[in-house]
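Please read the structure below before turning to the comments.
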There are 2 protein chains.
Amino acid sequence: MNKVTPPPSVEADQSKGQLSARIRSDIERRILSGEWAPGYRIPIERELMETYDCARMTVNKALVALAASGLIERRRRAGSFVSQPLVQSAVIEISDVRAEVEAIGQTYSLEILSRRQRTSTASDMKRLDVQTPRPVLAVLCRHLAGKRVHAFEDRLIDLVSVPDAAELTFEKDPPGTWLREHVPWSEAENRISALNADAALSAHLGVKEGAACLQVERSTWRGAQPITAVRMYYPGDTYRLVAHFSPKGN
Amino acid sequence: MNKVTPPPSVEADQSKGQLSARIRSDIERRILSGEWAPGYRIPIERELMETYDCARMTVNKALVALAASGLIERRRRAGSFVSQPLVQSAVIEISDVRAEVEAIGQTYSLEILSRRQRTSTASDMKRLDVQTPRPVLAVLCRHLAGKRVHAFEDRLIDLVSVPDAAELTFEKDPPGTWLREHVPWSEAENRISALNADAALSAHLGVKEGAACLQVERSTWRGAQPITAVRMYYPGDTYRLVAHFSPKGN
DNA sequence: CAGTGGTCTAGACCACTGA
DNA sequence: CAGTGGTCTAGACCACTGA
């Protein structure tokens, strides 16, 4: 049984930072360099304790983090193994629209096109994924970056979950910003697709009819209770969703 | 100073599962229900130890997990506070193209349109984000679901990082699948946009010229070393990227 | 400068499961 | 059934920072 020594490349780092972080990055490096290939059985916790001369909890913390990030898989009695990198997952940060515009150095402004309170129509109920009619607030608005239309928004807010929204005029904050700041949520879903602008959308977005647009549909819930369903439309030629990611999230 | 008692709703669960998981979900429930609003200072670790009659490490594990998921923010000396839910992040699972097709109950097949080895052109170098010329493999292919085109793929593989790719004909596995199974990576980036199909793309995808298409550009690296850069094109009318998510990921 | 979180120690008992 | 990971205990010392 070979004694595993810490990789020499980090010998100089020994004093820096947390020990568990160092153990984690040592193992990560060996996996990413290919030294420990998928399927390789990494040393057991008790062996790593000796290698790094530390408590088992310290090693455990590093290995739990590696398992959470998907780099290794752990099985009782069998040991810990380098994962087959099968599933990739990307974290998309959905920032505030206003922040999005200001991040590119432009002036944000909001234009409310309509704001109507009503009992949910069949189409509303489908969007909110509910079976029974309920009071909703329907808002159409445009987000401007300078004079250019950055996005067109078509939003439904469930007034059962968010009664306060009935009073809002959204003069200060766009609906999404207000909701994010005032309403806690537990789950959401994004659906991203491309579509050709029809007459109405082309007018709203200021693009030619038929131009490719990116549509992001987002639904948000608190438990089983719907909060809001929104469709955001962006001109396809300028807008991009960018996501950085690492193996299996994180 | 009020003694915090575990929420009554879970009194019955007391014996179930791990204690740290129970502490975590108790706090999560109070935050999501709005009982503990953003900015609220949650009990300190030593207080929670008494509430749950456990060791500090057990409480700490729960709080570290809550902080990692973004529900709380922790500050030395000040305490732990319920976060303002400002940033949303979504985890997109990027599954294998073949799996994607088979998941909708259709037969997957691959059609290699071209496969060329060359020294990187200026455009290749830009796509791979490298400054010096290097050998690359350029592959164009189509992914079919039954007889319908599911996606069109335009891929570059860096032969310095992945010399083995030079020998591949991709008869069995599509390039993405082969790479995922054989080449470890550490970072990737997705860029999602919408575009109108030009003559070439409409022919490849079997859609009308001008039809909105979803484009996913993905670049993958191992450390500073580029591995591959791919553009996947999907017909906009049928394809959707779907992402489920919770507050601040996870 | 005292209170809080960050990290670690040196154990323990147990659940699970594959050699 | 023995080896491995899962979780917890009851401490400890320290870094940081805001009342």
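Bear in mind the structure is a predicted one, so any value in this text is a computation, not a measurement. Every chain is numbered from 1, with letters handed out A, B, ... down the list of sequences.
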5′-ward residue of the pair B:Ile42/A:Arg75 relative to DNA chain C =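 Taking each residue's closest nucleotide, the earlier one in sequence belongs to B:Ile42.
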No-H, no-angle donor-acceptor pair, B:Arg77 side chain to D:dA19 base, under 3.5 Å =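 Side chain to base: no pair present.
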Does B:Arg218 pair with B:Glu153 as a salt bridge, N-O distance under 4.0 Å?
->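 B:Glu153 and B:Arg218: not salt-bridged.
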Please give, in whole Å, the distance from [N] [atom2] to [X] [atom1]?
{"X": "B:Asp53", "N": "D:dT9", "atom1": "CG", "atom2": "C1'", "answer": "11 Å"}
{"X": "A:Met49", "N": "D:dG3", "atom1": "CE", "atom2": "P", "answer": "16 Å"}
{"X": "A:Arg41", "N": "C:dG18", "atom1": "CZ", "atom2": "C1'", "answer": "11 Å"}
{"X": "B:Gln18", "N": "C:dA15", "atom1": "CD", "atom2": "P", "answer": "13 Å"}
{"X": "A:Arg22", "N": "C:dT7", "atom1": "CZ", "atom2": "P", "answer": "16 Å"}
{"X": "B:Glu45", "N": "D:dA10", "atom1": "CD", "atom2": "C1'", "answer": "14 Å"}
{"X": "A:Leu48", "N": "C:dT9", "atom1": "CG", "atom2": "P", "answer": "13 Å"}
{"X": "A:Ile72", "N": "D:dG5", "atom1": "CD1", "atom2": "C1'", "answer": "11 Å"}

Can you tell me how far CD of A:Gln18 sits from OG1 of A:Thr58, rounded to the nearest 0.5 angstrom?
->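 Going from OG1 on A:Thr58 over to CD on A:Gln18, the span is 10.5 Å.
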From CH2 (B:Trp178) to CG (B:Asp173), nearest 0.5 Å =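 CG of B:Asp173 is found 10.0 Å from CH2 of B:Trp178.
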Any N/O pairs under 3.5 Å between the protein and nucleotides 11-14 of chain D? List them or say none.
residue : atom : partner : partner atom : Å
D:dA12  : N6   : B:Arg56 : NH1          : 3.1

Pairwise 5' ranking along DNA chain D for A:Ser80 and B:Ala21, keeping only the more 5' one |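 Nearer the 5' end of the strand: A:Ser80.
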Considering only side-chain heavy atoms of B:Ala55, which listed nucleotide, C:dG6, D:dT9, C:dA10, is closest?
->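 Of the options given, the side chain of B:Ala55 lies nearest D:dT9.
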Of the candidate nucleotides D:dG5, D:dA10, C:dG5, which contains the atom at the shortest distance from the side chain of A:Ile44?
->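 Looking only at heavy atoms from C-beta outward on A:Ile44, the closest nucleotide is D:dG5.
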For a salt bridge (Lys or Arg N to Asp or Glu O under 4.0 Å) with B:Asp158, tell me which candidate from B:Arg134, B:Arg222, B:Arg127 qualifies.
->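 One option only clears the test, and that one is B:Arg134.
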Any side-chain donor paired with an acceptor under 3.5 Å for A:Thr228 and A:Arg155?
->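 Present: a donor and an acceptor within the cut-off.
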Between A:His150 and A:Tyr234, does any side-chain donor sit less than 3.5 Å from a side-chain acceptor?
->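 The answer is no; no qualifying pair exists.
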Name all residues meeting the ring-ring contact (aromatic ring centres under 6.0 Å, His included) criterion together with B:Phe170; count only those two or more places apart in sequence or in a different chain, and write none if there are none.
->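 Listed in chain order: nothing, the list is empty.
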Represent DNA chain C in dot-bracket notation, 5' to 3'. Only Watson-Crick or G-U wobble pairs with both distances under 3.5 Å count; pseudoknot-style crossings use [ ] and interstrand partners use |.
-> ||||||||||||||||||.
Is the backbone of A:Ala78 close enough, under 3.5 Å, to the side chain of A:Arg41 for a donor and an acceptor to pair up by distance?
->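 Present.
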Minimum side-chain heavy-atom gap B:Leu66-B:Ile27 below 4.5 Å |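 Contact flag for B:Leu66/B:Ile27 side chains = yes.
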side-chain N/O A:Thr58 vs C:dT7 OP1/OP2, d < 4.0 Å =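 Indeed not, no polar side-chain atom of A:Thr58 lies that close.
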